[in-house]
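By convention in this document, chain letters (A, B, ...) are assigned in the order of the sequence lines, proteins followed by strands, and residues within each chain are numbered from 1. Quick note: numbers below take in every heavy atom, side chains included, and nothing from hydrogens, waters or symmetry partners.
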Amino acid sequence: MGSTILVTVIMLVALGVVLAIILYLVAQKFKVYEDPRIDEVEAILPGANCGGCGFAGCRALAEALVKSNDMTSLYCPVGGNATMRATAKILGGEAQTKDPMIAAVRCNGTCENRPRTNQFEGAVSCAVMAATYGGETACTYGCLGRGDCVVSCPFDAIHMNPATDLPEVDEEKCTACGNCVKACPKIIIELRKKGPKGKRIFVSCINKDKGGIAKKACDVACISCSKCFKTCPYEAITVANNLAYIDFTKCKLCRKCVEVCPTGSIHEIHFPPRVKKEEIGITEN
Amino acid sequence: MLKISPSPHIHDNVSAHRLMRDVIIALMPALLVSTYYFGLRILIVTVVSILTCVALEYFLGKYALKSKSTIGDLSAVVTGLILAFNLPPTLPLGMVVLGAVFAIGVVKISFGGLGCNPFNPAIVGRIFLLISFPKEMTTWVKAEGFNTAWSLPADTASLDAVTGATPLGIIKGAMAAGKDLTEVFAQNDFNYLEMLFGKIGGSFGEISIIALLIGFAYMLIRRVISWHMPVYIFATVIVFSGILWFVNPARYSDPLFQLLTGGLMLGSIFMATDYVTSPMTKKGMLIFGVGIGLLTIIIRTWGSYPEGISFAILIMNAFVPLINRYVKPKRFGEVVKNG
Amino acid sequence: MLKTFKLGGIHPADNKMAALMPIEDIAPEGKVQIFVSQHLGAPAEPIVAKGDTVKVGQLIAKSTGFVSANIHSSVSGTIASIDSIPDHLGIRRTAITITVEGDEWLKTIDRSKEIKHNITITPQEIIAKITEAGIVGLGGAAFPTHVKLSVPQGKKAETLLINGAECEPYLTSDYRVMMEYSEELLIGVLILKKALNVPKVYIGIEVNKQDAINKLKGLQSKHQGIEIVPLKMKYPQGGEKQLIKAIINREVPSGSLPIDVGAIVHNVGTAYAVYEAVQKNKPLIENILTITGKNVKEQKNLNVRVGTPLSSVLQKYGGLPKNTGKIILGGPMMGKAISNLDAPTQKSTSAILIMPQLEASRPKPSTCIRCSRCVSVCPMGLEPYLLIRLAERKMYDDLEKNLAHDCIECGCCIYSCPANLSLLDYIRLGKTEVLKIRRSRK
């Protein structure tokens, strides 16, 4: 009895040793050299595998960073400047610095602003809807409200607001990875500069129809009246294809365009409330 | 307000609910025959099995999967019904519940619920019981005539029924003992006509071939299933066992016996054809059907269990993902025939 | 044994309620709006300006390439504007708006009812005339007809097939053409035959249109080389590839065109338009339009001018019925649900199908139960259940491996799905992507 156990134990241990040796030899033979820095860089990267950098995942970016001598063309939008600096420390290169960005939803076509004219009943997908027809409202450019951007977000940072039927970006969570930009078939979402203390100004409309048509479809559409264009002291605003656009690299956040916009299609975010000159004397109801 | 959707704009109005309802209707003749032979207890077993399945599907679906309730499509009812059909009439109710819990809880819900389970829940439920309670699961009552008993087996004495082995069990025993099968057949005097109408021992849903065939015909007419799978299984069983029998009738049973006994009919018509666990293409169905037929006869002849259809289906279920991946339907324009 | 295609297919209720209504002419009034792009391919270029007066049949927009088609005025009057207007899908496209004044036709157009039998001109002249008349395929896709008639070099047309299957439920315009313009239609077919220089023509008609089969068979002896082929009822028999399989039993391989198996398919409506263009000098300015639906009181087959607003056609017959849920241009299987009733008709508009509220809703999707119905009904032998999963996950390589680009968008998969999954919706998306990838590779 005792010897049986002993023999079994010896046999198993021997087997284990033999297999371990084989495994070791095989591992040696087929060893692939990997730069240890890849692992180090990967550890610094956020690990969300969102694809915002243009690579298949964080590992792929890490490999690219290590391989390339010049880091300036590579950037992880999620980790931002801090991560890139840390990476540069390991690799010894020059890190690229970028302004922090955020996804901006350039449509304010809520149910009130943009009345529905029909009801879509196909698959719940903006892409399917965009391929089917012009949309539920008279505006063929605006948000379709089926949430392809919500599904695409790996950070749970964009959600549909049931009251407005429009997506809203959670500023805390948004990393500007750009997945929603790619997912939106109408290209409504744009990555824009987050701005100092989150202050930013953008045209919340992409309707390229003529003013009258756009206004008829949606109360808050850009009617390409060019008032903002004329007002802007920094030449940050262009009007093309019946649509105004604010270049965020030139915008100095003076807020003048917001004041002149007749339809309120230019949005300002995180600014202190204005002194309400015009409203003095008007009773609030 | 006008509605908009991509084309097409019409639907044939066949829902999963309707398909499952038709399966249930198709199972009714067999249930009636069983009730006639084994008494009203059959109905109690059936109801217990169905209720357990439905309740479990509802609660697990709601709290474990957190998905929309799927009991409306009746698939849990079908599972419960088929599981009950696979049980001997005398099985204690506690075991019935256990089988149903295993079928729905472990085999169906844990894989993600409707449409995601790789194995047929009813079959796994039955095999689970067979392995856990071999004695109770192989205590057979011989169907003799009209029966009104409510409780079994505590009340066996009051029955006109005698417990005894199924024909497949008898043959298996004889084969194990190395007897000449021609003699065994002669001694036992199996009446194929009675088998056809269900006067035979066995799991209660499998006994009446005629009732099951009526169900098959009904499902074909209602286009619930296609004829392919059952027919492929029957054909394989007949051909394969025919060859064996032709070679040595003293060692192997004849094809008609193979076809009429045990769960072959129930299995091939109602369990192999389960949508979720069978191949998607006609070619795949051929592989699947032939596989089940071969495995059934192999297990019946050389295995240690007298019946092999449920094991055969289970094994082939495991191949379905592989079949779906590599067996593609005939594509239009694949073979260019000009003329 | 009646002929049909082999793989897949469905049998929806045919609901051809307007079949017995004769075609009525509708006089133009008010204004018409004519899109400069009513065909597959490059849009035509307007050659008129605001304020110009035009006559019926006058060229108003010129084709801008080989795959493009001329556009003619369907009314006489003054050009009111050339601007973008929303089409039936709400998408803005360039259209020429004409205010109707009287009904003055170009002198060159022969408006007599007399049937002209003799085909006197050469094949090249025929194709030139068809190009000039701006004829497009009236079977649905609106592919310019002259392109189909110009056989590419190295390929040979052996058989001409005329599609009279009209396999879509509700539609009756092809049937009415076959019944009312039988002679003209057959002459049109002979013109196409001459243009292509093929020995044999088959006209495939499903047996639910027995009258049409009998009528055309009666006239067959007068027109050499035409054979009428009765077909078993099955959707989508009118699909080009399915029709070729059904009639001459050839299969167009994946990624190829019918011409690769020597076949060319035209619709009966197109054949009639060809007759008018070649024998009567009349460009494509009218279309046969069916107004039908389960709660439509007056089922109608109308001959309307291209560019007439849909709403004004409907208004003539009492407007929309109560509880209208959905309006479809074309048949219920492949037609498009429309959001803008003010949109004008186009060359290939064949029907306005009005669906009651109850029928209009799509059932809510549930879970795939892997019943394999979609696989067995797919006429192309694809696996819709797999394609939707791949398309939802944007796995375009796998989609291509599984031949998503072969999908003909017939809708059989959604029609028969017991879980009401939006199979085709996603497959269509995937198919578009795959086609893009394939094109970029070339």
Side-chain angles (χ1 to χ4, degrees), chain A residues 107 109-154 156 159-160 162-167 183-188 207 209 213-214 216-219, chain B residues 1-21 57-58 60-76 108-118 223-224 275-281 284 320-321 324-325 328-329 331-333:
Chain A
C107 177
T110 61
C111 308
E112 287 150 30
N113 291 338
R114 189 173 58 140
R116 296 258 174 99
T117 55
N118 62 71
Q119 189 192 344
F120 183 72
E121 273 200 343
V124 184
S125 151
C126 303
V128 168
M129 200 168 161
T132 307
Y133 74 127
E136 284 180 324
T137 65
C139 171
T140 53
Y141 296 90
C143 178
L144 299 168
R146 289 303 187 276
D148 278 13
C149 49
V150 178
V151 179
S152 76
C153 184
D156 193 34
H159 293 280
M160 295 305 290
T164 57
D165 249 357
L166 292 170
C184 179
K186 295 286 188 187
I187 323 174
I188 289 164
N207 190 317
D209 282 332
I213 296 164
K216 210 172 166 189
C218 178
D219 286 345
Chain B
M1 206 184 278
L2 284 179
K3 292 194 169 111
I4 307 286
S5 75
S7 64
H9 307 283
I10 49 175
H11 192 268
D12 66 357
N13 291 324
V14 173
S15 59
H17 175 90
R18 203 216 84 177
L19 293 172
M20 292 301 155
R21 198 176 60 208
E57 170 115 352
Y58 179 75
L60 285 182
K62 194 168 175 186
Y63 296 108
L65 291 182
K66 298 194 167 47
S67 63
K68 224 168 48 186
S69 170
T70 49
I71 56 166
D73 57 41
L74 301 179
S75 64
K108 191 172 178 189
I109 300 292
S110 66
F111 282 100
L114 184 67
C116 304
N117 46 307
R223 291 170 186 268
V224 177
Y275 289 144
V276 182
T277 56
S278 60
M280 302 294 275
T281 62
V320 166
N324 281 340
R325 187 162 174 86
K328 295 293 171 189
R331 312 288 199 191
F332 186 93

Check your understanding: What residues of residues 11-20 of chain B sit under 4.5 Å from chain A when only non-hydrogen atoms are counted?
Key ->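 So no residue qualifies.
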
Partners passing side-chain hydrogen bond (donor to acceptor under 3.5 Å, both in side chains) against A/R146 (at least two apart in sequence or in another chain):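 If we apply the side-chain hydrogen bond (donor to acceptor under 3.5 Å, both in side chains) test to A/R146, skipping adjacent residues, the hits are A/E136.
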
For residues 137-145 of chain A, which side-chain donor-acceptor pairs fall under 3.5 Å, sequence neighbours excluded?
residue, atom, partner, partner atom, Å
A/T137, OG1, A/C139, N, 3.2
A/T137, OG1, A/C139, O, 3.3

_Only heavy atoms, only distances under 4.5 angstrom. Which residues in residues 109-132 of chain A are near chain B?_
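So the qualifying residues are A/R116, A/T117, A/N118, A/Q119, A/F120, A/E121, A/G122, A/V128, A/T132.
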
